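Working notes, beginning with the structure itself.
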Amino acid sequence: SPLRYAVMEGREDIARALLDAGADVNVRLKAHDPALCGEKGANIFGYAFYFAANEPVIRLLVERGADWRVTSAGTTMLFYPYAFGDVGNLEVIHELVPHSPSMPAMFPLGASYFALALWIAKRPAVEWLLKRFPEQIRDETTGWPYGVLASALSGHGYQDVFDLVLDSGRFELEYYEPKRTSLAMKTICAVARVMLRVQRHPHAMYTTMSFSFGTALHMAAFRGNTYAVERLLERRADAASRRHQRRMTPLHVAALMG
């Protein structure tokens with residue numbers, strides 16, 4: 001819609017004129033649009049952050065009733081400011097939309113918003129979150145059975161993000177708490193194990209769900225991240241740890257993944 005393009009361009013003046021003329025601030029994409037990074041079901045509020053919308057545009061959308069609770073691809077529109085990690089946008093979002101970064105972001109899997117930032121965002125955003133919400137960003141609030149260090153290795157695995165959380169000294173090297181696995185996640189992992197047995201060419205996601213959950217060293221081994229492996233071993237991470245969903249050691253996981 002014209003409003004979507006005005007938001008993409010950061011044109012608060014055109015967006016305001018369109019809204020004054022009756023444009024729907026919550027109109028949703030009817031189909032996935034890879035050319036413009038659009039997920040089916042996303043409204044303009046979430047879509048704006050793909051293009052690092054400026055503060056006046058964000059304020060206008062909230063003022064006119066843009067709904068951050070709209071879901072698309074299993075998460076709300078707050079996924080986008082956390083994933084794309086523009087610090088200015090995060091500051092505005094926390095001013096206008098009171099919420100906790102440890103809230104569940106992915107339904108029904110339970111991953112928190114700050115865990116998404118650890119997976120995808122770059123260092124400035126993660127650094128801002130750590131300083132702004134020190135009491136909320138903890139190993140036990142990632143929403144997953146693994147902690148902050150493993151989360152920083154499980155997505156894009158940016159080296160400087162991993163260094164940031166490791167050198168902070170705030171997070172446990174050996175954290176892995178299977179009791180924090182949601183019922184939905186346990187079901188998905190069980191299905192993944194079955195699919196690995198019955199399919200000749202199983203999807204890579206089945207391998208991830210079957211073998212990646214464990215300590216940070218398990219995750220580094222699973223990802224083939226030798227930099228992280230070396231740094232964790234320097235900190236005396238347990239190289240023989242069986243704190244893993246299949247009771248495997250990091251060496252087992254490394255061998256499995258080649």
Side-chain angles (χ1 to χ4, degrees), residues 74-76 78-85 87 89-91 93-95 97-186 189 208-209 212-223 225 228-229 231-238 241-245 250:
T75 186
T76 71
L78 289 184
F79 164 86
Y80 299 100
Y82 281 92
F84 290 93
V87 172
N89 286 348
L90 284 171
E91 290 175 341
I93 284 297
H94 277 279
E95 175 192 341
V97 183
H99 68 282
S100 165
S102 60
M103 287 171 53
M106 297 181 70
F107 308 104
L109 304 182
S112 63
Y113 286 110
F114 83 82
L116 295 178
L118 286 167
W119 296 347
I120 305 171
K122 296 190 177 178
R123 177 168 176 144
V126 176
E127 196 164 21
W128 183 84
L129 287 166
L130 288 173
K131 290 179 179 177
R132 178 72 171 77
F133 302 100
E135 72 291 348
Q136 296 182 42
I137 298 181
R138 306 188 306 274
D139 285 316
E140 61 270 25
T141 58
T142 62
W144 288 66
Y146 51 75
V148 168
L149 294 173
S151 294
L153 296 169
S154 63
H156 289 174
Y158 292 127
Q159 183 174 305
D160 58 349
V161 171
F162 175 69
D163 285 341
L164 174 68
V165 293
L166 179 65
D167 293 338
S168 73
R170 290 171 47 185
F171 308 108
E172 294 180 35
L173 292 178
E174 308 300 333
Y175 186 88
Y176 172 63
E177 185 47 73
K179 292 180 180 179
R180 294 190 176 274
T181 309
S182 66
L183 179 60
M185 180 58 70
K186 288 178 180 177
C189 290
T208 299
M209 290 299 180
S212 68
F213 292 2
T215 68
L217 189 55
H218 284 99
M219 183 64 75
F222 180 85
R223 295 285 179 180
N225 189 331
V229 168
R231 289 228 59 202
L232 289 165
L233 291 175
E234 287 171 3
R235 296 294 183 94
R236 303 196 185 285
D238 184 2
S241 172
R242 290 182 178 271
R243 295 180 62 80
H244 180 266
Q245 69 193 102

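Just so it is clear, the values below take in all heavy atoms, side chains as well, and ignore hydrogens, waters and symmetry mates. Please read all numbers here as calculations on a predicted model, not as lab measurements.
- Inter-residue side-chain proximity for Y175 and R243 is flagged as unmet; no heavy-atom pair is nearer than 4.5 Å.
- Pairs passing the salt bridge (Lys or Arg N to Asp or Glu O under 4.0 Å) check and including a residue from residues 112-126, sequence neighbours excluded, read R123-E127.
- The aromatic rings of Y82 and H94 stand perpendicular to each other, their planes meeting at an angle above 60°, with 30° marking the opposite boundary.
- Within the structure, the side chain to side chain donor-acceptor pair (under 3.5 Å) test picks out the following pairs touching residues 109-121 (sequence neighbours left out): T76-Y113, W119-S154.
- Annotation: salt bridge (Lys or Arg N to Asp or Glu O under 4.0 Å) contacts of D238 (sequence neighbours excluded): none.
- Pairing each heavy atom of L129 with each of P101, the nearest pair is CD2-CB, 4.5 Å.
- Applying the salt bridge (Lys or Arg N to Asp or Glu O under 4.0 Å) test to pairs two or more places apart or on separate chains, none has a residue in residues 145-161.
- The side chain to side chain donor-acceptor pair (under 3.5 Å) check on E172 picks up nothing, with sequence neighbours excluded.
- Looking at every heavy atom in both residues, M219 comes nearest to A150 through CG-O, 3.6 Å.
- To the nearest 0.5 Å, atom CD of residue Q136 and atom CZ of residue F114 are 9.0 Å apart.
- Looking at every heavy atom in both residues, A221 comes nearest to V229 through N-CG2, 4.1 Å.
- Rounding to the nearest 0.5 angstrom, the gap separating the OG1 atom in T142 from the CG atom in L118 is 9.0 Å.
- For Q159, there are no side chain to side chain donor-acceptor pair (under 3.5 Å) partners, not counting sequence neighbours.
- For the side chain to side chain donor-acceptor pair (under 3.5 Å) test, residues two or more places apart in sequence or in another chain that qualify with R231 are D163, D167.
- Evaluation of the side chain to side chain contact (heavy atoms under 4.5 Å, CB included) rule for A228 yields L153, F162, A220, N225 as partners, not counting sequence neighbours.
- In this structure, CG in L173 is found 8.5 Å from OG1 in T215, a value given to the nearest 0.5 Å.
- For residues 173-185, no pair satisfies salt bridge (Lys or Arg N to Asp or Glu O under 4.0 Å), with sequence neighbours left out.
- Taking CE from M209 and CD from Q245, the interatomic distance works out to 9.5 Å, rounded to the nearest 0.5 Å.
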May I have the step-by-step check of side chain to side chain contact (heavy atoms under 4.5 Å, CB included) for H156 and I120, ending in yes or no? CA-CA 6 Å; H156 289 174; I120 305 171; 3.8 Å; yes
Run the numbers on V148 and T141 for side chain to side chain contact (heavy atoms under 4.5 Å, CB included), then give the verdict. CA-CA 9 Å; V148 168; T141 58; over 6 Å; no
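- To the nearest 0.5 angstrom, F222 atom CZ is 4.0 Å from T208 atom OG1.
- Residues F171 and V165 approach most closely at CD1-O, 3.5 Å, considering heavy atoms.
- The distance from atom CG of L232 to atom OG of S241, rounded to the nearest 0.5 Å, is 11.5 Å.
- Across L149, D139, L130, a single residue satisfies side chain to side chain contact (heavy atoms under 4.5 Å, CB included) together with R170, and that is L130.
- Among residues two or more places apart in sequence or in another chain, the ring pair (Phe, Tyr, Trp, His ring centres under 6.0 Å) test is passed with F84 by Y50.
- The two residues L90 and A125 come nearest to each other via the heavy atoms CD1-CB, 3.9 Å.
- For P145, the side chain to side chain contact (heavy atoms under 4.5 Å, CB included) partners at least two apart in sequence or on another chain are Y176, T181, F213.
- Judged as a side chain to side chain donor-acceptor pair (under 3.5 Å), and not counting sequence neighbours, the contacts of S102 are S100.
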